[in-house]
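Letters A, B, ... are given to chains in the order of the sequence lines, protein chains preceding strands, and every chain is numbered from 1.
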Protein chains: 2
Amino acid sequence: MSKDRPAPGGTPTLEHVAKVAGVSRATVSRVINGIRNVDPQLQEIVRAAVEQTGYVPNQAARSLVTRRTNSVALVVSEAEHRTFDDPFLGRIFTDPFFGRLVSGIMGVLRPRGVTMVLMLAENDAARTQLLGYLKQGHVDGVILISSNVDDPLPRLLTDAGLPAVLSQRPVTPLPISYVDAAQSAGAKLAAEHLIARGCRRVATISGPLDMPASQDRLSGFRDALARHGHAYVPSVEGNFTQETGERAMLQLLEEYPDVDGVFVANDLMALGAVLALHDAGRRVPDDVAVVGFDDSNAALMSRPPLTTIRQPLEDMAAEMAHLLLGRIDDPDSKPTSVIFEPTLVVRQSA
Amino acid sequence: MSKDRPAPGGTPTLEHVAKVAGVSRATVSRVINGIRNVDPQLQEIVRAAVEQTGYVPNQAARSLVTRRTNSVALVVSEAEHRTFDDPFLGRIFTDPFFGRLVSGIMGVLRPRGVTMVLMLAENDAARTQLLGYLKQGHVDGVILISSNVDDPLPRLLTDAGLPAVLSQRPVTPLPISYVDAAQSAGAKLAAEHLIARGCRRVATISGPLDMPASQDRLSGFRDALARHGHAYVPSVEGNFTQETGERAMLQLLEEYPDVDGVFVANDLMALGAVLALHDAGRRVPDDVAVVGFDDSNAALMSRPPLTTIRQPLEDMAAEMAHLLLGRIDDPDSKPTSVIFEPTLVVRQSA
DNA sequence: TTGTACGCGTTATCAC
DNA sequence: GTGATAACGCGTACAA
């Protein structure tokens, strides 16, 4: 038989290495996995054999027995059905927001030797395929980002029993860990700053209202202003892109020409708003003060630079990674939530 | 023994389904993989059993024998060693360029049932980890994007025998497929347009000169102008971000105050250049004409909208996917290259 | 400390 | 058309 197939025609296997090293498969396996109980001398021999053969463990075989892949998925999802020209991909690869999240996540994953794969779920077809992929055990867990209220993914993930962490409080209570920023507290900071600088006629440009975070920022802003006597706060909805921020500001100007302060739900839209104001001949912040949200580097690209509400995205992302790893190590651990406090960063737009 | 472990405590396996359906494992496997030779009646029964048990094939076991994962990696790499605050992630998640590539790739991958995982290789540590991941057989092949001249990845990939496709002509000849745009032809279009509209003192803002594409655009631009008598064309190097485009334009204005036409190596930098020109009190295009590159939606966000050189990124990405799939199906097929022709898109900036 | 032997869940090659 | 059964490459009790 070819139990000892002599020529490593294809990729070398554990057995080849074992033969070269003159030891058993088990021993090779041990040194590769860093198990202590093995003679240092042999260790050297084995390492040499590994080197010589160019051996690399076969992930399929390995995870078939360990039930681990040492990789997690970062999935960016969006519930709505959209056309092919959908701005979804454009939004993702345009908003510095995501870069900060990725950075924070990799910061904790990489040192622990777990790889991150990024997957997009921009429509139902994508989601179906994604779910199959995940269920098949390609990854040990998933970090889910940017899901809106209708996104079925959180529930699907818990139903599938996959370790997962959300980047937002789930809309419907679910036994799932998540990390979030205190959105309304952030909005309150914005409101109070605008009030403090003397704005009397404030409005707001919100994010997509099917996202909890958008809702919270809007209601938080309104509540804070109500406490200062502003019964009504006009708002226009955007979708977090610079373009919609611009359009929203235009609409606001048309409907409330005397607006003198605007809270915009993210920096990218704020960038657009500032542009629109400039086009309309309004000075920022003298005529209209603008406060953004995120403190992404878009805030610095604006002129004037954006006063904004900073959320510590890198830290939040790192926390997500930690929560996920914890859950992977102990699937029975209780779902946890961690809330971060946003802070006001004053620059020149307000 | 528990060859017939009765209770599917964990995830259901082929064997469970077989038992429920009252057939053999082999049969279940056949219907799952769509092999014809199976009684339609049984097919139904099996399907029902699959449904009932909620069975999902175990990818590890499957690919252990098939040596296929039905997934490919899209890796975005960068050779330089950078600091933690490196703009790399910022660049990726800020440039619409990537969104278009991803979109084009998924357009061909998804219908064929292969999933795409996106991986970042922003430094050596990341690259090492990535390579291990790839060698372990997590994916069937890789599409490599945005590597610069020093990037060791193309060679590492070919050495490892992984099916791969590059998004640019490799700097050193390598037996590897790639897709590219005719960069210098595009630059020539820009040059001729500027000349045609009467520019006499043209300059250019190039991309990072360690990228072949940047070099080609620069030399193509210079060559075309030389043919029109412009012996010298000033240039400043940027790194494809709006911010560097802005700075480069500022520098250009300082050193060549009478510049009346600029070719900028991508739209994002062109956006910054237009901003800088505006700040400097120059009218675009009347005082200074600006031509960008890519025709990303950044071109539309600029005011005035950018005249630019369009490269069909979606099509190019789709072609990359095709080439890769072809190579995966037949690893011995010859490396292929496909070059796309850029076109001039005239808007208002030039 | 090291080796033996079994099992992980599938696919594929056989007979039937 | 269907069912045994042998790989696939590895980790790991268990025995030595």
- [ ] Would you work out how much the helix from C:dT1-D:dA16 to C:dC16-D:dG1 bends between its ends, with each end axis defined by five base pairs, to 10 degrees?
- [x] 40°
Task: Distance (rounded to the nearest 0.5 Å) between B:L101 CG and B:I143 CD1 - done: 9.0 Å
Task: Under 3.5 Å donor-acceptor pair, B:R30 side-chain atoms to D:dG3 base atoms - done: yes
Open item on the list: Using 0.5 Å steps for rounding, measure from the CG atom of A:L162 to the CG atom of A:L324.
Closed with: 10.0 Å
Task: A:T336 side chain vs A:K334 backbone, donor-acceptor pair below 3.5 Å - done: yes
- [ ] Send over the distance from A:Q41 CD to C:dT1 P, rounded to a whole Å.
- [x] 13 Å
Open item on the list: Can you identify which nucleotide, out of C:dT11, D:dG11, D:dG3, has its nearest atom closest to the B:S24 side chain?
Closed with: D:dG3
- [ ] Nearest whole angstrom, please: distance from the P of D:dG9 to the NZ of A:K19.
- [x] 13 Å
What side-chain donor-acceptor pairs closer than 3.5 Å can you find for residues 45-56 of chain B, not counting sequence neighbours?
unit_1 : atom_1 : unit_2 : atom_2 : d
B:R47  : NH2    : B:Q43  : OE1    : 2.9
B:T53  : OG1    : B:A49  : O      : 2.8
B:T53  : OG1    : B:V50  : O      : 3.2
B:T53  : OG1    : B:Y55  : N      : 3.4

TODO: Hey, which sits more toward the 5' end of DNA chain D by its nearest nucleotide, B:D39 or B:R67?
DONE: B:D39
Task: Qualifying residues under side chain to side chain donor-acceptor pair (under 3.5 Å), relative to B:N70, sequence neighbours excluded - done: none
TODO: Compare the minimum distances between each of D:dT2, D:dT12, D:dG11 and the side chain of A:A26, then state the nucleotide with the smallest one.
DONE: D:dT12
Open item on the list: Rounded to whole Å, how long is the line connecting atom CD1 of B:I35 with atom P of D:dG3?
Closed with: 14 Å
- [ ] Taking only the side-chain heavy atoms of B:V65 (C-beta and beyond), determine which of C:dT11, D:dC10, C:dT4 contains the nearest atom.
- [x] C:dT11
Task: DNA chain C: 5'-proximal contact among A:L42 and B:I32 (nearest heavy atom) - done: A:L42
Open item on the list: Taking 4.0 Å as the cut-off, does a side-chain nitrogen or oxygen of B:R62 come that near to OP1 or OP2 on C:dT11?
Closed with: yes
Task: From A:I105 atom CD1 to A:R100 atom CZ, the distance as rounded to the nearest 0.5 Å - done: 12.5 Å
Task: Side chain of A:T27 - closest among C:dT10, D:dG3, C:dG3 - done: C:dG3
Task: Under 4.0 angstrom between B:N37 side-chain N/O and D:dT2 OP1 or OP2 - done: no
Open item on the list: Is there a side-chain contact between A:L120 and A:L130 in this structure, where contact means two heavy atoms from C-beta onward sitting under 4.5 Å apart?
Closed with: no
TODO: Check every strand shown and say whether A:S29 touches a base, only sugar-phosphate, or nothing at a heavy-atom separation below 4.0 Å.
DONE: base
Task: Euclidean distance, B:L14 CG relative to B:S24 OG, rounded to 0.5 Å - done: 9.0 Å
Task: A:L64 side chain, from C-beta outward: closest of D:dG9, C:dT1, D:dT12 - done: D:dG9
Task: Spacing of B:R25 atom CZ relative to D:dA6 atom P, expressed in whole Å - done: 11 Å
Task: Proximity to the side chain of A:T13 - top-ranked nucleotide from D:dG11, C:dG3, D:dC10 - done: D:dC10
TODO: Tell me what B:L14 touches on the nucleic acid: a base, only sugar-phosphate, or nothing, going by heavy atoms under 4.0 Å.
DONE: base
Open item on the list: Tell me the interatomic distance from A:E15, atom CD, to D:dG11, atom P, rounded to whole angstroms.
Closed with: 13 Å
- [ ] Using the test ring-ring contact (aromatic ring centres under 6.0 Å, His included), find all partners of B:F93 that sit at least two apart in sequence or belong to another chain.
- [x] A:F93
Open item on the list: Expected output is a numbered-order residue list: members of residues 52-61 of chain B with a heavy atom under 4.0 Å from any atom of DNA chain D. What is it?
Closed with: none
Task: Pairs meeting criterion side-chain hydrogen bond (donor to acceptor under 3.5 Å, both in side chains) with involvement of residues 110-119 of chain B, two or more places apart - done: A:E122-B:R110
